[in-house]
Undergrad: 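Dumping the structure here so I can ask a few things about it.
Each chain gets a letter, A, B and so on, in the order its sequence line appears, and its residues count up from 1. Being a predicted model, the structure only gives us computed values, none of them experimental.
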Protein chains: 2
Amino acid sequence: MPTLRRNDTARRILDVALRLVQVQGFNAFSYADVSAELRITKASLHHHFPTKAALGKALISGYTADFLAALAEIDARGGDAFAKLRAYADIYLSVLRQERMCLCGMLAADFETLPKAMRASVTEFFRANEEWLARVLDEGRRAGTLRFEGAPAATAAFLVSSLEGAMLVARSFGGVSRLEAVVDRLLASLRRVPPS
Amino acid sequence: MPTLRRNDTARRILDVALRLVQVQGFNAFSYADVSAELRITKASLHHHFPTKAALGKALISGYTADFLAALAEIDARGGDAFAKLRAYADIYLSVLRQERMCLCGMLAADFETLPKAMRASVTEFFRANEEWLARVLDEGRRAGTLRFEGAPAATAAFLVSSLEGAMLVARSFGGVSRLEAVVDRLLASLRRVPPS
DNA sequence: GTCTATAGGTGGATAGAC
DNA sequence: GTCTATCCACCTATAGAC
């Protein structure tokens with residue numbers, strides 16, 4: 001059984017690079033930034049991730065895996081669909097409270113200049129998010145805890161768009177209050193109020 | 001009376017730089033790109049805009065002025081508040097159809113690495129948009145053509161966030177259909193259906 | 001107002017020793 | 001797996017001739 005290796009070099013490189021990309025974007029961060037912070041030479045970084053595109057792909061893979069694991073954890077906790085949506089939105093809030101953006105939101109802004117190998121992975125992140133959301137939305141509507149019109153997939157796409165945008169705009173105003181306001185509004189619009 | 005000078009060099013530099021930033025972001029575009037496209041040397045560009053920050057500020061000023069002029073034009077056309085909201089959303093759609101992003105949406109993603117002199121101007125763009133939207137929303141609710149809860153400013157902030165996010169995510173999926181879907185949903189959620 | 005030339009720095013990436 | 005040393009392309013910006 002292999003060691004967990006939570007602290008091995010590749011892991012630490014990914015952690016630092018992830019934060020830098022979430023804050024600055026893919027074009028604005030450099031191997032030199034990571035090098036300075038970890039006090040490892042740029043040449044060593046290239047040993048672990050030969051090109052910036054390779055590092056970028058690893059970042060998206062890890063981020064998507066962690067995100068999907070968080071969604072599985074939400075499912076595992078049980079609770080109704082509305083609670084799951086709230087927990088989903090809380091992920092966005094917690095990322096912004098760490099003064100970070102969604103990795104793939106940032107990469108979506110960088111999309112046109114991204115190495116081609118990274119682009120499909122960005123889209124796939126959104127698609128996987130929407131797939132999970134669509135399932136929760138469908139469950140909730142059937143169970144009577146959620147209310148919305150049309151296909152679950154359409155509402156799921158709407159939620160992802162709104163949360164990503166709110167996160168982006170909120171940061172430029174400073175703080176998380178704008179994202180909180182959008183989350184409250186989105187949840188309120190989906191909540192099925194039981195007849196009195 | 002000064003010439004209109006619609007085609008003078010500074011204007012052409014701004015036009016090209018605007019498109020490049022809308023597509024690639026502020027960090028990804030360079031004086032060299034503009035230089036190549038206009039076949040003017042980088043040194044000449046620096047004559048008109050001494051620093052990249054100065055060029056960036058001019059871009060935001062011009063973009064905001066054009067945007068506010070478009071909003072004034074919407075007001076001038078008359079029509080009810082719902083029609084004005086639709087016209088507002090159509091601006092976003094038309095930008096994306098040109099395969100561009102909102103300048104300030106892109107700059108919001110670049111926010112942390114932006115020259116400090118540019119940051120307040122980005123926020124101001126959003127603020128001015130929301131101010132216009134809040135007024136239209138208030139008018140519409142009073143006149144009975146729009147329906148929403150809470151302060152107009154809160155709904156205005158929500159609209160800007162959702163449209164910016166939808167634009168960003170839509171591009172990574174290719175095409176404008178995702179933005180169209182979000183626009184339809186936002187407008188439907190605000191429309192006051194007259195009692196039958 | 002545009003040019004040539006260049007400065008001074010940083011970018012991603014590689015070779016080869018240890 | 002980490003290092004030193006280096007490459008070359010590109011970056012923003014400036015000096016000074018025309």
Side-chain angles (χ1 to χ4, degrees), chain A residues 2-21 23-60 106-107 109-119, chain B residues 2-21 23-60 106-107 110 112-119:
Chain A
T3 323
L4 288 180
R5 307 203 306 169
R6 287 249 167 73
N7 264 349
D8 69 2
T9 307
R11 169 91 271 152
R12 278 160 50 217
I13 294 169
L14 288 171
D15 287 344
V16 171
L18 174 61
R19 175 171 42 77
L20 289 171
V21 178
V23 172
Q24 301 181 345
F26 190 71
N27 293 311
F29 104 101
S30 73
Y31 273 54
D33 297 329
V34 181
S35 168
E37 188 159 332
L38 290 179
R39 295 202 281 198
I40 283 176
T41 60
K42 287 192 291 173
S44 288
L45 300 183
H46 279 284
H47 170 75
H48 295 281
F49 301 98
T51 66
K52 203 180 177 185
L55 174 54
K57 280 181 66 173
L59 286 174
I60 304 174
M106 290 297 279
L107 295 179
D110 293 328
F111 203 77
E112 290 298 314
T113 60
L114 240 40
K116 289 212 191 349
M118 292 175 61
R119 296 189 196 179
Chain B
T3 325
L4 288 179
R5 307 203 308 168
R6 288 245 166 75
N7 264 349
D8 69 1
T9 307
R11 170 92 272 149
R12 278 158 52 215
I13 293 169
L14 288 170
D15 288 345
V16 171
L18 174 61
R19 175 171 41 78
L20 289 171
V21 178
V23 172
Q24 302 182 343
F26 191 72
N27 293 311
F29 103 102
S30 73
Y31 273 52
D33 297 328
V34 181
S35 168
E37 188 159 332
L38 290 180
R39 296 202 281 195
I40 283 176
T41 60
K42 289 187 287 172
S44 289
L45 301 182
H46 280 284
H47 170 75
H48 295 280
F49 302 98
T51 66
K52 203 181 177 184
L55 174 53
K57 280 181 65 173
L59 286 174
I60 303 174
M106 290 297 280
L107 295 179
D110 293 329
E112 290 298 314
T113 60
L114 240 39
K116 290 213 195 333
M118 291 175 61
R119 296 190 195 178

Undergrad: Over how many whole Å does the gap from R39(B) atom CZ to dC3(C) atom C1' extend?
TA: 16 Å
Undergrad: If you look at every heavy atom in F49(B) and A58(B), which pair is closest and at what distance?
TA: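 In this case the closest contact between F49(B) and A58(B) is CE2-CB, 3.8 Å.
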Undergrad: Which of residues 40-47 of chain A sit near DNA chain D, with a heavy atom under 4.0 Å from it?
TA: I40(A), T41(A), A43(A), S44(A), H47(A)
Undergrad: To the nearest angstrom, how far is L38(B) atom CG from dG1(C) atom P?
TA: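 So the two atoms are 15 Å apart, to the nearest Å.
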Undergrad: Working to the nearest 0.5 Å, report the span between CG of L107(A) and CG of L114(A).
TA: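 Spacing of CG (L107(A)) from CG (L114(A)) equals 5.5 Å.
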Undergrad: Please enumerate all residues that pass side chain to side chain donor-acceptor pair (under 3.5 Å) together with T41(B), with sequence neighbours excluded.
TA: S44(B)
Undergrad: Could I get the full list of side-chain contact (heavy atoms from CB on, under 4.5 Å) partners for R19(B), not counting sequence neighbours?
TA: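 Partners of R19(B) under the side-chain contact (heavy atoms from CB on, under 4.5 Å) test: V16(B), V23(B), E37(B), R100(B).
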Undergrad: Which whole-number value in Å describes the distance from Y31(B) OH to dT6(C) P?
TA: 22 Å
Undergrad: Quick check against the 3.5 Å criterion: does K52(A) have a side-chain atom that pairs as donor or acceptor with the backbone of P115(A)?
TA: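 Absent.
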Undergrad: Under the rule for side-chain contact (heavy atoms from CB on, under 4.5 Å), what residues qualify as partners of T51(B), not counting sequence neighbours?
TA: A53(B), A54(B)
Undergrad: My understanding is that only residues two or more places apart in sequence, or in another chain, count here; which of them pass side-chain contact (heavy atoms from CB on, under 4.5 Å) with A32(A)?
TA: S30(A), K42(A)
Undergrad: Go through the structure and list residues passing side chain to side chain donor-acceptor pair (under 3.5 Å) with T113(B), not counting sequence neighbours.
TA: N27(B)
Undergrad: Rounded to whole Å, please give me the gap between CG in N27(A) and P in dC11(D).
TA: 12 Å
Undergrad: Rounding to a whole Å, what distance do you find between D33(B):CG and dA9(D):C1'?
TA: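 It is 14 Å, rounded to the nearest whole Å.
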Undergrad: Does S30(B) put a side-chain nitrogen or oxygen below 4.0 Å from OP1 or OP2 of dC10(D)?
TA: no
Undergrad: For D33(A) and Q24(A), work out which heavy atoms get closest and say how close.
TA: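 For D33(A) versus Q24(A), the nearest heavy atoms are OD2-OE1, 4.0 Å.
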Undergrad: With a 4.0 Å heavy-atom cut-off, tell me which residues in residues 48-60 of chain B come close to DNA chain D, sorted by residue number.
TA: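 When residues 48-60 of chain B is checked for heavy atoms under 4.0 Å from DNA chain D, the hits, listed by number, are T51(B), K52(B).
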Undergrad: Give me the residues of residues 109-119 of chain A where at least one heavy atom lies under 4.0 Å from an atom of DNA chain D, by number, or none.
TA: none
Undergrad: Applying ring pair (Phe, Tyr, Trp, His ring centres under 6.0 Å), can you list everything that pairs with H46(A), at least two apart in sequence or on another chain?
TA: Y31(A)
Undergrad: Which value, rounded to the nearest 0.5 Å, describes the distance between R11(A) atom CZ and L14(A) atom CG?
TA: 5.5 Å
Undergrad: Separation of R11(A) atom CZ from dG1(D) atom C1', in whole Å?
TA: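 Roughly 18 Å, once rounded to whole Å.
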